[in-house]
Amino acid sequence: MKKITLPVASRLTSPNPLTLVCTAKPDGTTNLAAVSWWTYLSFNPDMAAFAMAKSSYSGERIRESGKVILAMPAEGLEAAVTGCGGTTGRDTDKAAKFDIELTEIEGSGIKIPALSRVALVCTLKEFHETGDHYLYVCTVDEALGDPAKQALFAWNGYAQIRT
């Protein structure tokens, strides 16, 4: 073995379950940000966590509203997910730009892609500074799923998006 950087290590440990962090924008539209690191923290109570860059617009929305939905996109959204990961939602409607059909989640003002395999409706419990990222720790209020859909994964970091 030889010494490598952490970004190289992340590519070597692929695939990672891809997730779209869905948040409500002040105008009522939904913002979508791609992340490839999240984890279940607890099943009693139900909790999950994910990390986002400190400069992330979605992170700002989560800290302000306290609400987020983690949607695991399904096959058919490969190109759209890549676009969401490389575009800020601060001044762009990503759903419109990348032609993503959104669907409502009952009881939430946040929509998710219709092509989602799993959705975790969450409330922010706390967040922690972790270097250049924040770690968001959330209570999972509701979990929804469609096992008939194929999940997408990030391979080689974000170099490839596929099932």
Side-chain angles (χ1 to χ4, degrees), residues 9-25 28-53 56-59 61-62 65-89 92-125 127 133-163:
S10 91
R11 286 192 298 275
L12 293 177
T13 57
S14 292
N16 297 318
L18 191 61
T19 303
L20 287 172
V21 174
C22 306
T23 56
K25 294 170 82 167
T29 60
T30 296
N31 189 51
L32 307 166
V35 298
S36 66
W37 186 88
W38 68 276
T39 189
Y40 298 105
L41 292 177
S42 171
F43 297 127
N44 186 21
D46 292 343
M47 295 177 71
F50 58 95
M52 298 187 84
S56 165
Y57 178 63
S58 291
R61 300 301 318 133
I62 296 163
S65 72
K67 296 291 183 182
V68 61
I69 298 178
L70 301 179
M72 293 64 182
E75 189 172 26
L77 285 181
E78 293 86 345
V81 167
T82 300
C84 286
T87 306
T88 179
T92 303
D93 180 341
K94 294 182 191 182
K97 180 174 182 170
F98 300 111
D99 197 28
I100 300 171
E101 178 187 350
L102 298 177
T103 189
E104 294 185 10
I105 297 293
E106 188 176 332
S108 176
I110 303 170
K111 295 180 180 181
I112 65 167
L115 287 176
S116 292
R117 180 176 166 96
V118 172
L120 303 178
V121 180
C122 299
T123 299
L124 178 64
K125 183 177 186 321
F127 68 98
H133 282 61
Y134 287 123
L135 174 68
Y136 294 91
V137 176
C138 299
T139 301
V140 177
D141 303 319
E142 182 176 31
L144 306 162
D146 183 350
K149 294 179 179 165
Q150 292 297 311
L152 295 180
F153 294 87
W155 293 77
N156 298 321
Y158 279 103
Q160 298 175 322
I161 308 297
R162 65 177 202 249
T163 56

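Keep in mind that this is a model prediction, so the values were computed, not measured. Both backbone and side-chain heavy atoms feed into the values below; hydrogens, waters and symmetry mates do not.
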Are K67 and T123 close enough, and set up right, to give a side-chain hydrogen bond (donor to acceptor under 3.5 Å, both in side chains), and what steps lead you there? CA-CA 5 Å; K67 296 291 183 182; T123 299; 2.8 Å; yes
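Put simply, CD1 on I161 and CH2 on W155 are 11.5 Å apart, with the number rounded to the nearest 0.5 Å. Atoms CG and OG1, on D46 and T139 in that order, are 9.0 Å from each other to the nearest 0.5 Å. Here the straight-line distance linking atom CG of N16 with atom CG of N156 works out to 10.0 Å at 0.5 Å rounding. Within the model, atoms CG of L120 and OH of Y40 stand 5.5 Å from one another, a figure rounded to the nearest 0.5 Å. For the atom pair CZ (R61) and SG (C22), the distance works out to 14.0 Å, reported to the nearest 0.5 Å.
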N/O donor to acceptor pairs below 3.5 angstrom from side-chain atoms of residues 31-38, sequence neighbours left out:
| unit_1 | atom_1 | unit_2 | atom_2 | d |
| --- | --- | --- | --- | --- |
| N31 | ND2 | S58 | OG | 2.8 |
| W38 | NE1 | T19 | OG1 | 2.7 |

Under 3.5 Å, sequence neighbours excluded: what are the donor-acceptor pairs made by side chains of residues 97-111?
| unit_1 | atom_1 | unit_2 | atom_2 | d |
| --- | --- | --- | --- | --- |
| S108 | OG | I110 | N | 3.0 |

Show me the donor-acceptor pairs, under 3.5 Å and distance only, between side chains in residues 74-87 and residues at least two apart or in other chains.
| unit_1 | atom_1 | unit_2 | atom_2 | d |
| --- | --- | --- | --- | --- |
| E78 | OE1 | G76 | N | 2.9 |
| T82 | OG1 | E78 | O | 3.2 |
| T87 | OG1 | G83 | O | 2.9 |

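R117 places no side-chain N or O within donor-acceptor distance of the main-chain N or O of M72, the cut-off being under 3.5 Å. Judged purely by atom type and a 3.5 angstrom limit, K125 has no side-chain atom pairing as donor or acceptor with the backbone of M47. For the pair S116 (side chain) and V118 (backbone), a donor-acceptor distance under 3.5 Å is absent.
Using cut-offs of 30° and 60° for the angle between ring planes, the F50 and Y136 rings count as parallel.
When side chains are defined from C-beta on, I62 counts as touching V21, because their heavy atoms get closer than 4.5 Å.
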